[in-house]
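What's counted below: heavy atoms across the whole structure, side chains too, no hydrogens, waters or symmetry copies.
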Amino acid sequence: MSAPIVHGGGITEAAARFGGRFEEWLDLSTGINPRPATLPDVPQQAWHRLPDRLTVDRAREAAASHYATNGVQPLPVPGTQSVIQLLPRLVAAGRRVAVFGPTYGEYTRVLLAAGFAVDQVERAEDLTPDHGLAVLVNPNNPTGRAFAPGHILEIAGLMKANGGVLVVDEAFGDLQPELSVAGRVGENDNLIVFRSFGKFFGLAGLRLGFVVANDAVLDGFREWLGPWAVSGPALVISTALMAGDTGVIAAGILERRAGLDAVLDHAGLKRIGGTGLFVLVEHAEAGALHRQLCEARILTRKFDYAPRWLRIGLAPDADGDLRLAEALRSVAMRPSGAI
């Protein structure tokens with residue numbers, strides 16, 4: 001069995017190593033909106049009964065509108081991680097998999113564990129007829145690299161010519177709708193789009209995502225996940241929030257991102273990528289900087305495969321920005337080589 005991927009959000013582990021109570025930590029290690037959307041009222045029936053067809057259909061309709069799927073009804077799933085686990089079922093034995101990377105590590109981990117050879121690629125030109133599945137995260141985590149929709153559709157065409165499937169993960173796409181290909185699935189039957197609900201709305205604990213694909217693919221995922229895969233309350237909450245004023249949520253995220261940018265620029269940290277929900281910085285001693293911030297009870301995300309990188313998420317308010325700024329100032333004031 002392959003080793004587990006280290007993800008953001010590991011406050012319990014960080015506190016065990018560096019001390020402090022859970023509540024004392026400022027978690028900047030994730031790409032989740034730090035200002036969760038206000039929860040709508042959830043009828044008691046949603047808690048009491050299994051989710052019925054009407055509840056599911058309403059959530060699908062709201063998702064179709066929110067993600068601009070051009071009539072395709074997205075399938076609610078219990079977080080996109082649940083369907084990443086199912087991707088090996090879409091690839092014929094003996095074919096290879098291409099992952100545009102570096103990116104979210106669960107794709108490679110899951111496919112390697114299923115026995116597939118996985119190639120990390122950077123360009124469409126790196127794809128070969130041996131690739132039965134390609135995975136592209138757009139915009140990418142952690143680099144923020146973005147492919148234009150036209151380019152993605154060209155890649156889908158290349159994969160189709162070889163009998164392959166293209167999965168596009170748009171988990172961080174809510175703030176850049178111009179990049180989405182969710183509305184092009186209807187004319188590209190080998191294109192599958194994953195959307196994450198929890199990141200933009202700040203409700204990752206709800207464990208909800210959506211798959212946009214043709215009916216045959218959605219039927220497969222529905223069968224593999226089994227009945228009632230998504231809870232009634234999650235469906236009710238998503239229906240209300242996606243039909244609400246998402247512009248206010250987006251504005252709040254961008255305000256928080258501007259605060260983070262100002263702190264990082266003042267500290268002289270080099271921003272090399274990111275999305276609306278996080279920034280990727282490069283630092284010669286990124287691992288040591290990560291450790292020093294942990295000692296200040298601030299958690300960021302480091303990368304074993306890129307020791308000069310740190311991913312830094314958004315603080316919930318200006319006080320969080322100030323706390324990060326003070327910690328970075330304290331690190332900078334240490335004697336040379338003390339990081």
Handout entry: Residue pair S29 / G10: nearest heavy atoms and the distance that separates them
Key = OG-N, 4.4 Å
Practice task
Answer yes when E326 and R323 have at least one side-chain N-carboxylate O distance shorter than 4.0 Å, and no when they do not.
Solution key: no
Handout entry: Test item: L203 and L39 side chains (from C-beta on) under 4.5 Å apart, heavy atoms
Key = yes
Completion exercise
Rounded to the nearest 0.5 angstrom, the CD-CZ distance for Q44 and R49 is 12.5 Å
Practice task
Please check if the side chain of N141 supplies one atom and the backbone of Y104 the other of a donor-acceptor pair under 3.5 Å.
Solution key: no
Practice task
Keeping the roles fixed (side chain from R96, backbone from V118), state whether a donor-acceptor pair exists under 3.5 Å.
Solution key: no
Exercise for the section: Would you indicate whether the side-chain heavy atoms of K160 and N188 approach each other to under 4.5 Å? Expected result: no
Exercise for the section: Taking all heavy atoms of A134 and all of F100, pick out the closest pair and write down the distance. Expected result: CB-CE1, 4.4 Å
Exercise for the section: State yes or no: do I192 and Y107 share one hydrophobic cluster built from I, L, V, M, F, W and Y residues joined by side-chain heavy-atom distances below 4.5 Å, directly or via other members? Expected result: yes
Handout entry: W224 atom CH2: more than 12 heavy-atom contacts under 6.0 Å
Key = yes
Exercise for the section: Please answer: with hydrophobic residues joined when any side-chain heavy atoms are less than 4.5 Å apart, are W25 and F22 in the same cluster? Expected result: yes
Exercise for the section: Nearest 0.5 Å please: distance from the CD atom of E125 over to the CD1 atom of I155. Expected result: 8.5 Å
Handout entry: V236 and P43, any side-chain heavy atoms less than 4.5 Å apart
Key = yes
Exercise for the section: Could you tell me whether D317 and R35 make a salt bridge, using a distance below 4.0 angstrom between a side-chain N and a carboxylate O? Expected result: no
Practice task
Determine, stepwise, if the pair L175 / T275 fulfils side chain to side chain contact (heavy atoms under 4.5 Å, CB included).
Solution key: CA-CA 8 Å; L175 293 170; T275 70; over 6 Å; no
Problem - Pairs touching residues 228-251 that satisfy side chain to side chain donor-acceptor pair (under 3.5 Å), sequence neighbours left out - result: none
Handout entry: CG on L314 to CG on L254, rounded to 0.5 Å
Key = 9.5 Å
Practice task
Spell out, as yes or no, whether a donor-acceptor pair under 3.5 Å connects the side chain of R297 to the backbone of F18.
Solution key: yes
Handout entry: Any donor-acceptor pair under 3.5 Å from R311 side chain to L28 backbone
Key = no
Exercise for the section: Give a yes or no on whether V212 and I84 share a hydrophobic cluster (residues Ile, Leu, Val, Met, Phe, Trp, Tyr; joining criterion: side-chain heavy atoms under 4.5 Å apart). Expected result: no
Problem - Q45 atom CD: more than 12 heavy-atom contacts under 6.0 Å - result: no
Exercise for the section: Measure the shortest side-chain to side-chain distance between C294 and L299 over non-hydrogen atoms and say whether it is less than 4.5 angstrom. Expected result: yes
Problem - E170 (side chain) donor-acceptor with V181 (main chain) under 3.5 angstrom - result: yes
Exercise for the section: Check whether any side-chain N or O of H131 sits under 3.5 Å from a backbone N or O of T128 as a donor-acceptor pair, and report yes or no. Expected result: yes
Handout entry: L153 vs L191 side-chain heavy atoms within contact, under 4.5 Å
Key = yes
Exercise for the section: Answer yes or no on whether R145 is positioned over the face of F147, meaning its NZ or CZ is under 6.0 Å from the six-membered ring centre and within 45° of the axis. Expected result: no
Practice task
Have a look at L324 and tell me which of L322, D321, L328 forms a side chain to side chain contact (heavy atoms under 4.5 Å, CB included) with it.
Solution key: L328
Practice task
Answer yes or no: does atom CD of E24 have more than 12 heavy-atom neighbours from other residues, nucleotides or ligands under 6.0 Å?
Solution key: yes
Exercise for the section: Applying side chain to side chain contact (heavy atoms under 4.5 Å, CB included), run through V263 and H266 and close with a yes or a no. Expected result: CA-CA 5 Å; V263 170; H266 186 74; 6.0 Å; no
Problem - Stepwise side chain to side chain contact (heavy atoms under 4.5 Å, CB included) check, I32 with L277 - result: CA-CA 6 Å; I32 299 169; L277 286 166; over 6 Å; no
Problem - Check against side chain to side chain contact (heavy atoms under 4.5 Å, CB included), L87 and V91 - result: CA-CA 7 Å; L87 287 181; V91 193; 5.9 Å; no
Practice task
Please identify each residue that fulfils salt bridge (Lys or Arg N to Asp or Glu O under 4.0 Å) with E23, with sequence neighbours left out.
Solution key: R21
Handout entry: Side-chain donor/acceptor of N33 to backbone N/O of F200, under 3.5 Å
Key = yes
Problem - Shortest non-hydrogen contact from V165 toward M159 - result: O-CE, 3.5 Å
Exercise for the section: Check the hydrophobic clustering (I, L, V, M, F, W, Y; side-chain heavy atoms under 4.5 Å; chains of links allowed) and say if V168 and F194 are grouped together. Expected result: no
Exercise for the section: Might you point out which heavy atoms bring G144 and P139 nearest each other, and give the distance in Å? Expected result: O-CB, 4.1 Å
Problem - Contact check, side chains of L133 and L111, non-hydrogen atoms, under 4.5 Å - result: yes
Exercise for the section: Indicate yes or no: at least one non-hydrogen side-chain atom of V110 is less than 4.5 angstrom from one of F116. Expected result: no
Practice task
Would you confirm whether N162, through its side chain, and G164, through its main-chain N or O, come within 3.5 Å as a donor-acceptor pair?
Solution key: no
Exercise for the section: Look at the side-chain heavy atoms of Ile, Leu, Val, Met, Phe, Trp and Tyr, link any pair under 4.5 Å apart, and say whether F201 and L235 land in one connected group. Expected result: yes
Completion exercise
Heavy-atom closest pair (P51 atom, V230 atom, distance to 0.1 Å) is CG-O, 3.5 Å
Exercise for the section: Compare every heavy atom of L241 with every heavy atom of A37, then report the nearest pair and how far apart it is. Expected result: CB-CD1, 3.9 Å
Problem - Under 3.5 Å: donor-acceptor pair, side chain of D265, backbone of A262 - result: no
Problem - Any pair counted as side chain to side chain donor-acceptor pair (under 3.5 Å), so long as it reaches residues 58-78, sequence neighbours left out - result: H66-D174
Problem - Reported CG-to-CG distance for the pair L310 and L269, which is rounded to 0.5 angstrom - result: 8.0 Å
Handout entry: Any donor-acceptor pair under 3.5 Å from R256 side chain to A315 backbone
Key = yes
Completion exercise
In this structure, CG of L280 is separated from CD1 of I272 (nearest 0.5 Å) by 4.0 Å
Problem - Any side-chain heavy-atom pair of Q120 and T108 under 4.5 Å - result: no
